[in-house]
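Note sheet for the following structure.
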Amino acid sequence: MAKQSSLLNFFNRS
Amino acid sequence: MFEARLVQGALLKKVMEAIKELLNEASFDCAHSGILLQAMDNSHVSLVSLNLRREGFDKYRCDRNLVMGMNLSSMSKILKCASNDDIITMKAQDNADTVTFVFESPKQEKISDYEMKLTNLDQDHLGIPETEYSCVIKLPSAEFARICRDLSQFGESIVISCTKEGVKFSAAGDIGTANIKLAQTATVDKEEDAVMVDMQEPVTLTFACKYLNMFTKATPLSPQVCLSMSPDVPLVVEYKIEDIGHIRYYLAPRIGD
């Protein structure tokens with residue numbers, strides 16, 4: 001089963 | 001002083017419908033150039049980015065930058081009080097802790113105002129990198145909504161697979177499997193009916209149905225939707241909002257098996 005990734009893995013907090 | 005008057009008030013009502021299921025609250029960043037909103041859902045899986053340019057308003061004034069934190073369920077209650085043909089004005093004083101919504105009927109015989117308390121929101125702003133996407137797919141927004149709704153019956157995820165032949169949406173679950181293939185349209189009478197695929201390299205990604213279905217609440221805003229994908233990065237689902245701006249949703253993929 002594929003796991004849901006988080007947007008925080010892709011975008012930096014600014 | 002901030003004041004933004006939108007003759008097509010129905011657009012603001014539709015924008016609210018398009019974001020209120022994903023977000024409980026959000027900051028409206030008002031500046032000279034227009035209104036921006038960027039917010040993630042609580043689970044940090046999706047992000048809404050809304051842009052309303054000043055040129056889209058028939059009157060727009062923003063003397064100094066203003067961040068208005070709004071409870072979207074409250075704002076939605078207020079916007080429900082506006083008729084579809086009402087002209088809607090949002091206004092606030094500098095440093096105010098309230099925002100006022102004014103609804104004018106087209107013939108000006110009924111004018112209502114609603115004042116709403118603002119909230120202080122400490123929201124993360126994300127830096128979204130400029131990305132050249134491997135696949136950009138344009139399709140009728142109602143078709144996309146239909147596909148997401150239909151495939152949601154089969155499982156929690158939808159696999160979107162884009163090749164030069166076209167785009168395939170798939171789902172699998174206990175009752176079986178489903179595949180919907182859309183070919184690029186050769187000729188169409190109306191541009192909004194077209195399916196267009198611009199592919200640099202094939203991409204296959206998996207996304208949660210739940211979020212895709214929430215994004216399709218923006219369908220009334222635009223006859224077309226644009227999906228942008230690259231390997232292993234979030235999907236972008238964009239709806240143009242007439243001449244005024246756009247709403248973009250970013251969705252982190254489901255990864256691994």
Side-chain angles (χ1 to χ4, degrees), chain A, chain B residues 22-23 27 29 36 38-49 122-131 133 155-161 170-174 204-212 215 228-237 248-257:
Chain A
M1 193 61 185
K3 281 211 177 91
Q4 179 61 60
S5 59
S6 165
L7 271 188
L8 302 174
N9 299 137
F10 303 96
F11 299 155
N12 294 322
R13 281 191 169 98
S14 59
Chain B
L22 273 167
L23 307 171
S27 291
D29 293 342
L36 295 174
Q38 194 210 76
M40 276 188 289
D41 72 279
N42 279 337
S43 53
H44 296 173
V45 169
S46 69
L47 178 141
V48 179
S49 173
D122 188 20
Q123 288 190 328
D124 283 325
H125 259 255
L126 293 185
I128 301 167
E130 282 287 320
T131 308
Y133 287 94
E156 289 178 7
S157 301
I158 294 179
V159 179
I160 307 178
S161 185
S170 312
D174 293 341
T204 296
L205 289 171
T206 304
F207 300 101
C209 292
K210 182 175 96 173
Y211 292 94
L212 293 172
F215 302 167
S228 301
M229 302 202 298
S230 277
D232 303 318
V233 302
L235 165 76
V236 189
V237 179
R248 282 187 194 139
Y249 302 94
Y250 294 82
L251 178 59
R254 297 181 73 129
I255 44 180
D257 262 323

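Just so it is clear: chains get the letters A, B, ... in the order the sequence lines come, proteins before strands, and each one is counted from 1. Basis for what follows: all heavy atoms, side chains included, without hydrogens, waters or symmetry-related copies. The structure displayed is predicted, hence computed values, not measured ones.
Applying the ring pair (Phe, Tyr, Trp, His ring centres under 6.0 Å) rule to A/F10 yields no partners; only residues at least two apart in sequence or on another chain are considered.
What you find for B/R254 and B/S157 is that their closest heavy atoms are CD-OG, 3.2 Å. Minimum interatomic distance between B/I158 and B/C209 (heavy atoms only, all atoms of both residues): CG1-SG, 3.4 Å. What you find for B/P253 and A/Q4 is that their closest heavy atoms are O-NE2, 3.5 Å.
Ring-plane geometry between B/F215 and B/Y249 is classed as parallel, the angle between the planes falling under 30 degrees on a 0 to 90 degree scale with a further cut at 60.
Residue B/F207 is tested with B/V237, B/V159, B/L251 for a side-chain contact (heavy atoms from CB on, under 4.5 Å); the sole match is B/L251.
For residues 39-47 of chain B, the interface with chain A (any heavy-atom pair closer than 4.5 Å) comprises B/M40, B/H44, B/V45, B/S46, B/L47, sorted by residue number.
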